[in-house]
Structure formats: structure tokens, C-alpha cells
Amino acid sequence: MSDEETKPTDFIREAVAEDLRSGRFKTVRTRLPPEPNGYLHIGHVKAFMIDYLIAKENGGELILRFDDTNPTREETEFVEAIEEDARWLGIEWVKVTYASDYFDELYEWAKRLVLMGKAYVDDQTPEEVSANRGTLTEPGKNSPYRDRDVEENMDLLERMKDGEFPEGSRILRAKIDMAHPNINMRDPAMYRIIHNPPHHRTGDKWKIYPMYDWAHGQNDSMEGITHSLCSLEYENHRPLYEWFPEQLGVFKPRQIEFARLNLTYTVMSKRKLRRLVEEKVVNGWDDPRMPTLRAMRRRGYTSAAVLDFIRRVGVAKNYSVSDVSLLEACVREDLNKNSPRRMAVLKPLKVVIDNYPEDLVEEMDAVNNPEDVNAGTRKVPFSKTIYIEQDDFRETPPPKYYRLFPGNEVRLRYAYFIKCTHVIKNDKGQITEVHATYDPSTRGGDSADGRKVKSTIHWVSARHAQEAEIRMYDRLFTKEDPEEGEEGFLSCLNPNSLEILTGKVEPDLASPEVGSRFQFERLGYFSVDSDSTPGRPVFNLTVNLKDTWAKMEKKG
RNA sequence: UGGGGUAUGGUGCAACGGCAGCACACCAGCCUUUGGAGCUGUGGAUCUUGGUUCGAAUCCAGGUACCCCAGCCA
């Protein structure tokens, strides 16, 4: 986390503080309401942190409540995954509940509404219900079943619950106002009939399931949630959110809406993410190119960096799209301070140092992390033949190119100055070997005579090099807003979002711990992938280092 | 053409009637055994038209643009 602990403030925090001051609420209790039908992504983190931090900052509590009101969509496998991801973020909750825990009580409340004449069973077909809802500019029409008497409604509702009627044949609706300008108030559905599949927790006990508007708000009330914080799209639902508890005379939580997180160069909806997985654009939900938390974790992002990003993005009601480069900046900032450095050559080019003794091996001292003196040093073996990065050599250098080229002298990091003498090519004209001479008086990288070089490059001793698979990731899409693609988001996929290389890394990286992170000097941050096997490590590019030269070269 | 919202540099967020600021991005320079990191600096914004006021991003009125809503999804 950067800078001093300035308490972020925003319109929600101000509203909550005001509610406490005015006595509207005495404590703060919030809830995390995920639907267990998918994996958490970066967009959820914003919502989660708002709920969690606002409770925490006010000495209140957070309840993790799974919104499992629709057995046709939800699966129990996601419950665990969501908890795991939320824990990774450091979120703490006082208890885990399920909307389905309250099905009995909720049903009792529905019957109260029926008894009050505020809800009725409607026998219209789904098509009729839709047709009679009216339009945005025209009022709806009352259902012919709207004025059924209470006894009949109670009887029908009970039989709906017991499974006497087929799916889609009837619903329970609140009786509000079919002419209401807010469509959500035109007698919204409270219960629909669902026979199959069985619910992941209540099995086949229920044949009717509550709709979101009915369940969510009443669950909030039952749990004593004071502030129900949600995204902007629920603004239109607030009148209904307030109507139910008002009729019932029960505790009334306050709903406040904020703008959800959007990110450039990515998509966030479950539907689109699922398509990426199902159409094998990516290799699963934890493919490091996905915006899911498991993917970001696998890629090497730290939770601290993700949280820092969320903090910096702030909270407001503007529709907004945050720049993914801010996320990357947060990741770099964290990893720069905390990850040990190593040398790795991604695209190897062989360099033979002609005046270096044939069999000599020297152990060079290398600093583990210049940002952290406590990280210490290590020994790196050096020998006559080494690998350097192909990018670090040019036979004919462009202007401002400081790296190795014939006649030029550079520093091998922590080793020696070398000067390129000539190159050897194969019959296709490709360079197969670069030859150089070294200056023995520059051991460690400092010249005795005060001579300067303009460039320092990284290297790995050929004899000692550990081979490694390196997965280079880039943005999944070529457009800031993938939706801009002519035929939707799948039409602007970045064909180079994954490049797999076989590189050479320092020998101590033969069997690194899965999940551990390193900075490969001058390249970027990498984390050890779970696909690694002993002696064959696999590294994921977490985020590259800023590359000033690449930028200059691009501009020309 | 109903209802609900939102408009501040490229992006995101502040400023709550009193000098429009911060971060990222961008650009220039310094420094450097990572062309990394770090440091310094430049440029650039209040949707519009009126009104109130000594003074308006902020208050008022009228426009404009954009977002959300017509699931028995959440």
C-alpha cells in the first residue's frame, strides 16, 4: 500500500456516517451477496471491499450471504471457490448464510402479504404477463386474476408450493400498481414455480422459488442489514426494495447504489467470460489472461496490489471504465519492493568470450533486491559461453541503441565488460554466435580506469543454465472496449495474448516453489506456475517492466 | 415520446459558495551496474445557455449528451 493511511471517503461512507449520527441506525451491518454461479472477478472486488471496509471502519460486521434463489443456475462448487477467493483478499465475515436458509420465513411473510390483500396468484401465461406489463411509455393492464379473494390466493399459493401446478403456469405477484411509471412496481413477481433441478441445499423441498426482489430485500431485513450496497442497475429497484418491508412493518435497511468497476481491454460479464472458456479462447477460468481472481492469482498478482488498485479507483456514481494500466502500476509497485531478482534469458543468443579461459567458472556476487537491503546476495556462475537476449544484440544498431553490437562494449551485469568482435552466421545468414572479448580488470562490473559503458545487459552461463518454459501474456483484446469490435468482443481478440518461450534461467531456479515470484532483470515480474515439474519450471509473466527503449524504438 | 441516474485533464477520483487538486497515463530532464526503480519538471479539465452572488465545478432555471429499466435472471 502506498502513502499514508488516508481514510478514503466517498458518498456512501458519508451517508453511512450520517445515518449513525442521526440515529437512523445504531450499528453498521453489511452483506456480501454473491450468486454462486460463477467465479469472482476483479469487478466483484470493488463491491466486496466497499461492503467489507465500510462495516469494518464503523466497527460493524459483514455477513457473507449466498444468493441461491434459482436452482437452475447455481452450483455448490462455486460456494467454496467464492469463499476461497474472498479469503485471499483478506475479507472477514461474521457468518456465512444462504438465501435458502430463509425460505420458510420468507414464505410466511409472503402469506402475510396475501392475507393483507397485497399479493395474489396470477394464472396468466408468461406471455400474457409480459404483454400486460405495458411499455416504458404506456401503463400496463391489470391481470384478470388480480382481484381474487384471499382464501383462493392462499389455497393456490399453498398448492403452488406443494408442486401441484406445472412450471410457468402461475406466479405470486405483489399487488402494487400496473400503471406505475417504474416498471418494477407493476405487480412484480415474488415466486415462480420450479420443479427441477433440485436446489443445491434444500433439495426437492420447494417447488416455488423467490425472485431476487422479494428474497434479497427481505433477507436483508431478517439479518438486520443496515446498508445494502449494490450497483447502479438496482437504483430502479429501490422503491420496491422499500415497499415490501414497509407493508410488512419489518426492519427497513437502506439501499445505496454505486458504479460498478469496468476495466479497459477486458470483459467482465459472466456470460462473456464463460464464452471465452467454452470456446477455448483461454485455457479455463484460471487462465492468467482472465480477469477472475483465480487467474490473477495464478498470474502472480498479489492481493495487496489488487486491493491497492481498488482503493485508488475510488467509489462514485459515474459510469466509468478504469485503465488497466493503473492495475499494472499497482502490481509493479508492490512487486518492485518485494520480489527477488534473477537473470533470465527469454530468447537466447549465444555469446562466446574468446579470451576467457576454456574451463574456468567464476562465482559472481549478485544483489537479490536493490530495493531491499535485507534480501542479501547470491552467487551466479559465469563461464566462457553465455546466453544473452536476442534483443540485446544488433549487427547494425539503430540510433540510440546502447546495447551490444560489433565494436561496442557493454557490461554484463555483476560480471565483466565485454566488447563484441564479430559474429558467425549459418548458411541462411542468421546469426548463430556472437564473439566477444572481456576485460579481466572489470570483474564485478566496475572498470579500474573509470571507463564507462552505456548499457548493462543480463546473461546466463550456458553450461549452468536451467531451461524453463516462459509464458508471456498480453492483453486479451486489442481494443480498450472489446465491445467496439465489429462482431462483438470475440472479433477483437489479441492473437498474441499468449506466447510460449523456452528460456534460460539461473541454475537456482530449477525447482522453485509454485506461486513464488521473481523479477527477471530488465524484463518483468514472473511467477512460478502450477504446471511446473521438478527440473522443468514454468513461469508466467505477471507484468512487464516499463521498457523505455521499446517505446523509443516504436516511435522511431 | 415514461421513470430512475450521471456529466471535472486521455483515464479514474477529489474540491461540499472562496487560488480546480491527487493518482495512473503522456511529455521533457536528472540519476542509474536493470533503458528497471527513484527524483525533478511541463502540458492539458469543470457538458451548454442563462440567472443568483463581491465570488459558482458547487446554488437556481432551461437545454444537451450518455447510462439503466418492459425476465417467471440476479
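The chains referred to below are lettered A, B, ... by the order of the sequence lines, with proteins before strands, and numbering in each begins at 1.
Taking the ring centre of A:Y98 as origin, the terminal cationic atom of A:R201 falls inside the region bounded by 6.0 Å and 45° from the ring axis. Stacking of A:R170 on the aromatic ring of A:F165 is recorded, both the 6.0 Å distance cut-off and the 45° axial limit being met.
Here B:rG4 is the nucleotide among B:rG10, B:rG4, B:rC72 with the atom lying nearest to any side-chain atom of A:E235. Across B:rG3, B:rA25, B:rC13, the shortest atom-to-atom separation from the side chain of A:A316 is found for B:rC13. Comparing B:rC73, B:rG36, B:rA23 against the side chain of A:N336 picks out B:rG36 as the nearest. Here the nucleotide nearest the side chain of A:E14, chosen from B:rA15, B:rC13, B:rA74, is B:rA15. Nearest nucleotide to the A:K551 side chain, out of B:rU11, B:rC69, B:rC27: B:rC27.
Note on A:D187 versus A:R146: salt bridge recorded, some NZ/NE/NH1/NH2 to OD/OE distance being below 4.0 Å. The residues A:E521 and A:R342 are annotated as not salt-bridged, no charged nitrogen and carboxylate oxygen being separated by less than 4.0 angstrom.
Base pairing of B:rC66 is made with B:rG5, judged by Watson-Crick or G-U wobble geometry with both donor-acceptor distances under 3.5 Å. For B:rU11, the paired nucleotide is B:rA23, the pair qualifying as Watson-Crick or G-U wobble because both relevant distances are below 3.5 Å. Across all strands shown, B:rC30 is found opposite B:rG38 as a Watson-Crick or G-U wobble partner, with both distances under 3.5 Å. Using N1 to N3 plus N6-O4 or O6-N4 for Watson-Crick, or N1-O2 and O6-N3 for G-U wobble, each under 3.5 Å, B:rC54 pairs with B:rG18. Within the shown strands, nothing qualifies as a pairing partner of B:rG71 under the Watson-Crick or G-U definition with both distances less than 3.5 Å.
Scanning atom types as modelled, one donor and one acceptor separated by under 3.5 angstrom connect the side chain of A:Y234 and the base of B:rA74. In this model, a side-chain donor or acceptor of A:R403 finds a partner on the base of B:rG35 within 3.5 Å. Not a single donor-acceptor contact under 3.5 angstrom links the side-chain atoms of A:E233 to the base of B:rG4. Interface remark: the A:N70 side chain does not form any donor-acceptor pair with the B:rC73 base, using a distance-only criterion of under 3.5 Å. At a cut-off of 3.5 angstrom, the base of B:rU34 holds at least one donor-acceptor pair with the side chain of A:Q519. Under 3.5 Å, the side chain of A:N182 and the base of B:rG4 form no donor-acceptor pair of N or O atoms.
Separating the CZ atom of A:R312 from the C1' atom of B:rG21 is a distance of 17 Å, rounded to the nearest angstrom. The CG atom of A:L523 sits 13 Å away from the P atom of B:rA37 (whole-angstrom rounding). Rounded to a whole Å, the CD1 atom of A:I42 is 16 Å from the P atom of B:rG12. In this structure, the CG atom of A:L545 is 10 Å from the P atom of B:rG38, given to the nearest Å. Computed from coordinates, the A:L136 CG to B:rC67 P distance equals 15 Å when rounded to whole Å. Atom CG in A:D213 sits about 13 Å away from atom P in B:rC69, given to the nearest Å.
Sequence order on RNA chain B of the closest nucleotides to A:F520 and A:K546 puts A:F520 first from the 5' end.
B:rG36 and B:rC31: their C1' atoms are spaced 13 Å apart (whole Å). The P atoms of B:rU58 and B:rU48 are separated by 11 Å, rounded to the nearest whole Å. When the P atom is compared between B:rG63 and B:rC24, the two are found 42 Å apart, to the nearest whole Å.
Side-chain contact check for A:Y301 versus A:T542: some heavy-atom pair is nearer than 4.5 Å.
Ring-to-base geometry does not place A:Y212 in a stacked arrangement with B:rA74 (centre distance under 5.5 Å, plane angle under 30° required).
Taken from SG in A:C230 to CZ in A:R260, the straight-line distance is 10.0 Å, to the nearest 0.5 Å.
Taking only side-chain nitrogens and oxygens, A:R271 never comes nearer than 4.0 Å to OP1 or OP2 of B:rC73. OP1 and OP2 of B:rU32 both lie 4.0 Å or more from every side-chain N or O belonging to A:K454.
Residue A:T264 is out of contact with every strand shown, counting any heavy-atom pair closer than 4.0 Å.
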